[in-house]
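Please read all numbers here as calculations on a predicted model, not as lab measurements. Below, chains carry the letters A, B, ... as their sequence lines are ordered, and counting in each starts from 1.
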There are 2 protein chains.
Amino acid sequence: MKVGIINIGDELLGGKILNSNQFDLARILAPLGHDIPFNLVVGDDESALARSLSWVTGPLTPFKPDLLILTGGLGPTKDDLTRQAVAGFLGRPMVESAEALDWLAEFLGRPAGEMPWGQRLQASVPEGTRPLRNPAGTACGFRFEAGGIPAYAFPGVPAELDAMARLHLLPGLKGDGVLLERSLYTWGWSESAQRQAFGAIELSPHFRFSSLPGERGVRITLSSLCAPSQQAGRAEELDVLWREMLKSIPKESIVDTEGSALPQAVVKLLLSRGATVSVAESCTGGGLGFLLTETAGSSAVFHKGFLTYSNQAKTDLLGVDPDILKSHGAVSEETALAMVRGCLDRSGATYAAAITGIAGPDGGTHDKPVGTVWIAVAAHGIAHARVFKFRGDRNVIRWRSAQSALNQLRLLISGQMES
Amino acid sequence: MKVGIINIGDELLGGKILNSNQFDLARILAPLGHDIPFNLVVGDDESALARSLSWVTGPLTPFKPDLLILTGGLGPTKDDLTRQAVAGFLGRPMVESAEALDWLAEFLGRPAGEMPWGQRLQASVPEGTRPLRNPAGTACGFRFEAGGIPAYAFPGVPAELDAMARLHLLPGLKGDGVLLERSLYTWGWSESAQRQAFGAIELSPHFRFSSLPGERGVRITLSSLCAPSQQAGRAEELDVLWREMLKSIPKESIVDTEGSALPQAVVKLLLSRGATVSVAESCTGGGLGFLLTETAGSSAVFHKGFLTYSNQAKTDLLGVDPDILKSHGAVSEETALAMVRGCLDRSGATYAAAITGIAGPDGGTHDKPVGTVWIAVAAHGIAHARVFKFRGDRNVIRWRSAQSALNQLRLLISGQMES
């Protein structure tokens with residue numbers, strides 16, 4: 001089913017908040033095989049919303065949704081205008097619903113007769129629409145038809161939207177398809193190299209491919225939507241194609257064939273080897289430890305780590321020789337190696353990673369500009385250091401450093417480290 | 001100026017990522033007084049995008065944008081279709097731009113003649129459009145006219161979009177108004193308490209108030225858009241109203257009157273006192289150290305920290321008595337206090353914070369359910385521990401723990417800690 005989403009609210013357009021309502025609805029609908037052909041966001045403007053409804057359901061729409069979901073604008077305050085806009089679009093007056101007033105009274109635990117008008121407003125709906133109970137708040141929703149398309153108006157507060165979508169929408173939305181999906185992260189493989197590698201692979205119209213670069217690497221996804229009766233055959237086709245794609249990716253760039261991102265992949269590798277890891281962090285200040293422990297169960301592989309932001313801390317906590325710091329500087333191969341060896345030694349872990357770099361915006365020099373980061377990884381008898389030159393702001397450089405350290409750990413643990 | 005935004009990408013519609021591009025553009029445009037009347041998100045579908053352009057610029061549009069911005073779909077991979085869709089909409093062929101090829105060659109540091117075709121693709125634009133240099137990546141943008149409306153196509157990678165908007169869009173977009181804004185974060189003050197506190201404050205239609213709960217607390221903003229000639233008088237009115245609001249907020253709930261969030265507020269407090277801080281982290285695994293060091297210049301106040309995920313680490317690195325761990329458990333007032341005292345002692349810092357809790361999803365018990373987190377803060381001769389019961393998933397509990405530790409530090413350093 002094609003589900004169009006209209007989110008309503010000045011805060012969504014004005015850069016005050018990210019549009020999580022669309023995201024949350026997609027995460028409910030996509031696994032059931034429903035498609036979201038478009039998402040329109042409009043402000044708290046009665047006329048713009050009414051005209052948008054005509055536009056979206058009109059003859060020139062590039063999208064033909066089978067269902068429409070509206071979120072937001074159902075509260076009691078002056079900027080909540082969805083009820084009026086829909087009434088205007090339908091050419092009908094507003095009416096108070098006795099049923100909705102009862103729900104409200106029950107939710108607030110006070111008799112309907114004692115309801116302040118500000119609250120009572122929320123029990124009104126456009127005439128001829130069906131009120132929908134809100135189990136998580138006071139704003140009543142409603143169901144209506146927009147140009148022949150069934151439509152739901154839900155509140156924008158995330159917990160209320162979630163509760164109402166599950167109560168009113170899901171039971172009627174039998175998945176009319178099955179979404180099959182294969183996905184993995186690559187790290188250190190450019191999207192243009194990917195394009196060339198995948199260039200010869202032909203995709204039939206049944207399949208969709210996506211490549212999404214992000215903080216955790218490039219996530220590639222191959223998916224197919226099919227009827228339940230076609231599932232077995234389609235899954236087989238999908239797997240053939242997926243294996244062909246996997247063969248075109250340099251092995252060391254595949255974070256994890258099962259789709260894990262770096263933090264989970266490293267924890268899995270360590271668990272499978274009964275090994276542990278420790279960290280020594282300078283410019284990331286804890287970001288690497290934070291990532292390593294984001295996976296439940298990481299306590300089996302991570303016991304301790306050292307935040308050594310100052311030179312003195314590198315000496316005190318890791319035993320880095322002050323002469324090394326003096327002659328090579330804190331951001332150097334020698335310091336990174338001394339840090340990782342100290343970390344391995346003092347933690348007793350199987351593996352260790354150390355990060356020391358210049359995250360900026362200040363502190364860069366001609367030889368070591370902002371973004372210069374040394375990352376070292378080690379195990380008993382092995383230590384490997386590599387310099388990275390990251391671009392971006394302080395935040396980007398720090399996250400990228402932590403993720404790159406995870407990748408170096410992954411390569412070392414899985415025996416793929418170039419020497 | 002009314003700026004319409006079209007974001008392109010299956011990942012935006014399918015619940016893979018939040019639409020940060022729209023958010024980031026709004027944060028650039030709103031302060032200049034520009035309005036975003038709508039935001040349309042479409043998938044990686046050449047025909048849907050071409051038809052959307054007709055629709056948005058056509059006679060029935062409820063919005064009449066003065067400018068259009070497209071983001072996404074300019075990379076080299078198979079799902080990058082914006083170039084072709086715009087070419088289809090304009091009825092023109094694709095051509096390689098020699099200028100764009102030169103930029104690409106310069107960016108990649110290799111001669112244009114040696115460029116692999118996968119890269120070279122990105123130097124093509126619809127004929128008759130103006131290529132736009134991307135200073136932060138390889139995907140070239142372009143400027144075109146859509147039904148008489150000037151339009152820009154920018155890449156969707158956030159850092160590239162930001163760089164291109166600043167380079168190509170902003171210089172031509174003189175603000176036609178001035179946005180005055182006062183904003184601050186509150187922490188530990190409910191929105192319903194806020195509504196009551198602010199209930200008696202009247203806002204003239206010149207002013208907008210917003211309250212946005214988020215990871216860093218509730219951000220309240222009072223703003224006003226005015227003509228440059230009105231700026232002085234309006235700013236004065238704004239300040240009168242803002243001071244009235246500030247007086248209604250419990251003093252200890254104001255993170256920083258100048259608008260800083262907790263990490264920056266704590267660093268500022270420490271700098272003003274010439275003091276330092278250290279951390280001892282269990283369930284957050286480095287998140288607190290990461291937040292403390294996100295501010296440039298934090299090296300003056302943060303030197304070292306201890307990641308003590310296991311019981312043994314708490315004893316080894318902080319000197320926590322194994323008997324305390326045995327009799328009270330790792331998540332207890334006694335352990336939190338022993339951790340913070342050990343951290344203060346072994347770091348030599350002026351202040352210390354320690355976190356130990358159950359982030360879940362496993363590990364909860366009847367007495368200590370998932371979300372139980374002890375946070376202790378200390379200075380010479382003072383130690384204070386408090387238990388928090390956070391709701392949410394592992395990720396929410398960990399961030400909330402780190403931010404709450406910052407808040408406890410803020411209260412201690414500023415002398416507002418209840419005893």
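Using a 4.5 Å cut-off between heavy atoms, Leu12(A) touches chain B through its backbone atoms (N, CA, C, O) alone. For a residue to count as touching a neighbouring chain, one of its non-hydrogen atoms must lie under 4.5 Å from one of that chain's; by this rule Ser183(A) does not touch chain B. Heavy-atom distances place no part of Lys314(B) under 4.5 Å from chain A, backbone and side chain included. For Pro37(B), the part sitting under 4.5 Å from any heavy atom of chain A is the backbone (N, CA, C, O) and nothing else. Heavy atoms of Leu13(A) lying under 4.5 Å from chain B belong to its backbone as well as its side chain. Looking at Asp316(A), the atoms closer than 4.5 Å to chain B (heavy atoms on both sides) all sit in the side chain, from C-beta outward. For Ser282(A), no part sits under 4.5 Å from any heavy atom of chain B, backbone or side chain. Using a 4.5 Å cut-off between heavy atoms, Ser54(B) makes no contact with chain A at all. In this structure, chain A has a heavy atom under 4.5 Å from the side chain of Asp10(B), while its backbone stays farther away. In this structure, the portion of Val279(A) lying under 4.5 Å from any heavy atom of chain B is its side chain and not its backbone. The part of Gln194(A) that comes within reach of chain B is its side chain, from C-beta onward, which places non-hydrogen atoms under 4.5 angstrom from that chain. Proximity to chain A (any heavy atom under 4.5 Å) is shown, for Val56(B), by both the backbone and the side chain. In this structure, chain B has a heavy atom under 4.5 Å from the backbone of Thr308(A), while its side chain stays farther away. Of the atoms belonging to Glu191(A), heavy atoms from both backbone and side chain fall under 4.5 Å from chain B. Using a 4.5 Å cut-off between heavy atoms, Asn7(A) makes no contact with chain B at all. Both the backbone and the side chain of Val42(B) come within less than 4.5 Å of a heavy atom in chain A. Of the atoms belonging to Thr276(B), not a single heavy atom falls under 4.5 Å from chain A. With a threshold of 4.5 angstrom between heavy atoms, Ala48(A) approaches chain B through its backbone and through its side chain. In this structure, chain B has a heavy atom under 4.5 Å from the side chain of Pro213(A), while its backbone stays farther away. With a 4.5 angstrom heavy-atom cutoff, Leu317(B) touches chain A only via side-chain atoms. Neither the backbone nor the side chain of Arg346(A) comes within contact range of chain B; no heavy atoms are under 4.5 Å apart. For Ala159(B), no part sits under 4.5 Å from any heavy atom of chain A, backbone or side chain.
Options Ala359(A), Ser190(A), Ser298(A) differ in how many heavy-atom pairs under 4.5 Å they form with chain B, and the most are formed by Ser298(A). For the options Gln22(A), Arg394(A), Gln312(A), Arg51(A), heavy-atom pairs under 4.5 Å to chain B are most numerous at Arg394(A). Most heavy-atom pairs under 4.5 Å with chain A, from the set Ala26(B), Gly285(B), Ser52(B), Ala163(B): that is Gly285(B). No other option in Thr295(B), Asn19(B), Leu49(B) has as many heavy-atom pairs under 4.5 Å with chain A as Thr295(B). Taking Lys78(B), Arg27(B), Gln119(B), Glu11(B) one by one and counting their heavy-atom pairs under 4.5 Å with chain A, the maximum is reached by Lys78(B). Interface summary for chain A: among Gly289(B), Ser310(B), Ser278(B), Gly305(B), the most heavy-atom pairs under 4.5 angstrom belong to Gly305(B). Options Ser299(B), Gly43(B), Ala30(B), Ser47(B) differ in how many heavy-atom pairs under 4.5 Å they form with chain A, and the most are formed by Ser299(B). Put simply, of Asp24(B), Thr138(B), Thr61(B), the one with the most heavy-atom pairs under 4.5 Å next to chain A is Thr61(B).
In this structure, the side chains of Ser401(B) and Ile397(B) come closer than 4.5 Å at one or more pairs of heavy atoms.
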Show your working on ring pair (Phe, Tyr, Trp, His ring centres under 6.0 Å) between Phe63(A) and Trp55(A) and close with a plain yes or no. CA-CA 11 Å; Phe63(A) 319 104; Trp55(A) 190 50; 8.8 Å; no
Checking Ile355(B) against Cys283(B) for the side chain to side chain contact (heavy atoms under 4.5 Å, CB included) test, could you report, in this order, the C-alpha distance in whole Å, the side-chain angles of both residues, the deciding distance, and whether it holds? CA-CA 7 Å; Ile355(B) 303 174; Cys283(B) 65; 3.8 Å; yes
Check against side chain to side chain contact (heavy atoms under 4.5 Å, CB included), Thr293(A) and Leu291(A): CA-CA 5 Å; Thr293(A) 55; Leu291(A) 287 175; over 6 Å; no
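With ring centers used as reference points, Phe290(B) lies 6.0 Å or more from Phe290(A). If you look at Trp399(A) and Phe390(A), their ring centroids are not closer than 6.0 Å.
The structure places CG of Asn21(A) at 13.5 Å from CD1 of Ile6(A), a figure rounded to the nearest 0.5 Å. For the atom pair CG (Asp35(B)) and NZ (Lys2(B)), the distance works out to 4.5 Å, reported to the nearest 0.5 Å. For the atom pair His34(A) NE2 and Ile28(A) CD1, the distance stands at 11.0 Å (nearest 0.5 Å). In this structure, the separation between CZ on Arg120(B) and OG on Ser192(A) is 13.5 Å, given to the nearest 0.5 Å. The distance from the CD1 atom of Ile8(A) to the CD atom of Glu46(A) is 11.5 Å, given to the nearest 0.5 Å. In this structure, CG in Leu307(B) is found 10.0 Å from CG in Leu292(A), a value given to the nearest 0.5 Å.
For the residue pair Pro155(B) and Ala139(B), the shortest heavy atom distance occurs at CG-O, 3.8 Å.
Side chains of Ser223(B) and Glu181(B): no donor on one and acceptor on the other come within 3.5 Å. Side-chain contact annotation: Glu294(A) with Gln264(A), donor-acceptor N/O pair under 3.5 Å present. Residues Thr284(B) and Glu281(B) have side chains that bring a donor and an acceptor to within less than 3.5 angstrom of each other.
The residues Arg398(B) and Glu215(B) are annotated as not salt-bridged, no charged nitrogen and carboxylate oxygen being separated by less than 4.0 angstrom.
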